[in-house]
Number of protein chains: 2
Amino acid sequence: MTTPGQASQLRLATFRLARRLRTHKSDDSVTDAQFTVLGALSRFGPHTLSALAERERVSAPSMNRTVNCLEEAGLIMRSEDSADRRRTNIEITASGTDVVTRTVSKRDAWLTERLNELSHEDHVALARATEIMARFADQ
Amino acid sequence: MTTPGQASQLRLATFRLARRLRTHKSDDSVTDAQFTVLGALSRFGPHTLSALAERERVSAPSMNRTVNCLEEAGLIMRSEDSADRRRTNIEITASGTDVVTRTVSKRDAWLTERLNELSHEDHVALARATEIMARFADQ
DNA sequence: TATTGTTATACTCTATAACTATA
DNA sequence: TATAGTTATAGAGTATAACAATA
């Protein structure tokens, strides 16, 4: 059974940790929204514009603008879909992959330091919680 | 020992859950940034403009704009500081407090629904992880 | 007719620089 | 001279509405 304060505690801890992590910005040339798109392209491969918009839960015009910025910076590439000429395939470039790699390692360094000091039991609990949180986020 | 992807997974899950929780607002007329300011005023009492800007880690002009929107909506009130006439004290109104209360209960209701479907083991792990995340955020 | 991507338009959030009033 | 708040200006992210090209 869920106790009343449990949801509040999880909500506050989530917001506070997200905020704390956000203060560890590494690369000023790429914004958070742009980096999130690069990360999605890096992890899941090429997307159409609408697939990217749906994944990030933003409108197609909004995603189009972000993708335009990334294209101008040479971090993504558009290419026509040979089967359906309405579609545009969007994929990350070598430069884009490089940005992801460097940024992730910088962003996660702070977190990794703290994870390394946890007990084995805490590690297991945190890994399990991470899966649950990701599942919640998808619902 | 911390495996390479663990920090990334925790970071992503935290960002995604925070983002998901943020979609639950009581009122679409209040944006995320505005609601965060209302929450700070509700929890910590009146602030000067620069104190609010510092707490939210944004520039004074940026905070000024957000505060203007909240004032026009009747959710906060400005009043002159009697001791130092350069200062403006910013406090939440009854309407503002109402928005905070309704939004918080809505967010926790959504979270509680999902918590209630977890196994006992998942509950324990999540509670333990919540404590760890809060501790990380304070460091 | 429906779908995909895009453009037009408008609003918020963000920043830096410069200005006003006060200490 | 220094500080608190504000205004001016500009760039990015967000949305809805409307449009062209294609299925």
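The chains referred to below are lettered A, B, ... by the order of the sequence lines, with proteins before strands, and numbering in each begins at 1.
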Practice prompt. Look at Asp138(A) together with Arg20(B) and state whether they make a salt bridge at an N to O cut-off of under 4.0 Å.
Written response: no
Worksheet item: Under 3.5 Å, is there a donor-acceptor pair linking the side chains of Asn89(A) and Ser79(A)?
Response: no
Worksheet item: Whole-Å distance between dT22(D) C1' and Glu80(A) CD?
Response: 12 Å
Discussion item. Quick check on dC13(C): is either OP1 or OP2 less than 4.0 Å from any side-chain nitrogen or oxygen of Arg65(B)?
Written reply: no
Worksheet entry | Side-chain N or O of Arg78(B) closer than 4.0 Å to phosphate OP1/OP2 of dT6(D) | yes
Discussion item. Show the nearest heavy-atom pair for residues Leu38(A) and Leu70(A), with the distance to one decimal.
Written reply: CG-CD2, 4.0 Å
Worksheet item: Under 6.0 Å from the six-membered ring centre of Phe35(A) and within 45° of its axis: does the NZ or CZ of Arg107(A) meet both?
Response: yes
Response to the item:
Shortest non-hydrogen pair, Ala125(B) vs Ala129(A), comes out as O-CB, 4.2 Å
Worksheet entry | Min side-chain heavy-atom separation Ile90(B)-Glu71(B) under 4.5 Å | no
Worksheet entry | Ser50(A) vs dG5(C): side-chain N/O to OP1/OP2 distance below 4.0 Å | yes
Discussion item. Quick check on dG5(D): is either OP1 or OP2 less than 4.0 Å from any side-chain nitrogen or oxygen of Asn64(B)?
Written reply: no
Worksheet item: Once you round it to whole Å, what is the distance between P of dA4(D) and CD of Glu54(B)?
Response: 10 Å
Response to the item:
From the candidates dG5(C), dA15(C), dG13(D), the one with an atom nearest any side-chain atom of Cys69(A) is dG13(D)
Practice prompt. Give the rounded distance in Å between these two atoms: CG of Asp81(B) and C1' of dG5(D).
Written response: 13 Å
Discussion item. If you compare all heavy atoms of Ile92(B) against all heavy atoms of Leu75(B), which two are closest, and at what distance to 0.1 Å?
Written reply: CG1-O, 3.6 Å
Practice prompt. Rounded to the nearest angstrom, tell me the gap between atom CZ in Arg19(B) and atom P in dG13(D).
Written response: 12 Å
Worksheet item: What is the distance from CD of Gln34(A) to P of dT14(D), rounded to the nearest Å?
Response: 10 Å
Item to complete: Look at Thr31(B) and dC13(C) and indicate whether a side-chain polar atom (N or O) is within less than 4.0 Å of OP1 or OP2.
Response: yes
Worksheet item: Under 3.5 Å, is there a donor-acceptor pair between the Thr14(B) and Arg11(B) side chains?
Response: no
Worksheet item: Could you run down nucleotides 17-23 of chain C 5' to 3' and tag each one B, S or - for protein heavy-atom contact under 4.0 Å?
Response: B---BBS
Worksheet item: On DNA chain D, nearest-nucleotide positions of Leu49(B) versus Ala33(A): which is more 5'?
Response: Leu49(B)
Worksheet item: Bend angle of the helix from dT1(C)-dA23(D) to dA23(C)-dT1(D) from five-pair axes at both ends, rounded to 10°?
Response: 10°
Worksheet item: Within this structure, what is the CG-to-C1' distance between Asn68(B) and dG5(D), rounded to whole angstrom?
Response: 11 Å
Worksheet item: Starting at CG of Leu52(B) and ending at P of dT14(C), how long is that distance when rounded to a whole Å?
Response: 12 Å
Practice prompt. Taking all heavy atoms of Ser95(B) and all of Gly74(B), pick out the closest pair and write down the distance.
Written response: CB-O, 3.9 Å
Practice prompt. Report the distance from atom CD of Glu56(B) to atom P of dT12(C), rounded to the nearest whole Å.
Written response: 18 Å
Worksheet item: Which pair of non-hydrogen atoms, one from Ala137(A) and one from Leu17(B), has the smallest distance, and what is that distance?
Response: CB-N, 3.8 Å
Item to complete: Scan Thr88(A) against the nucleic acid and name what it touches under 4.0 Å (heavy atoms): base, sugar-phosphate only, or nothing.
Response: sugar-phosphate
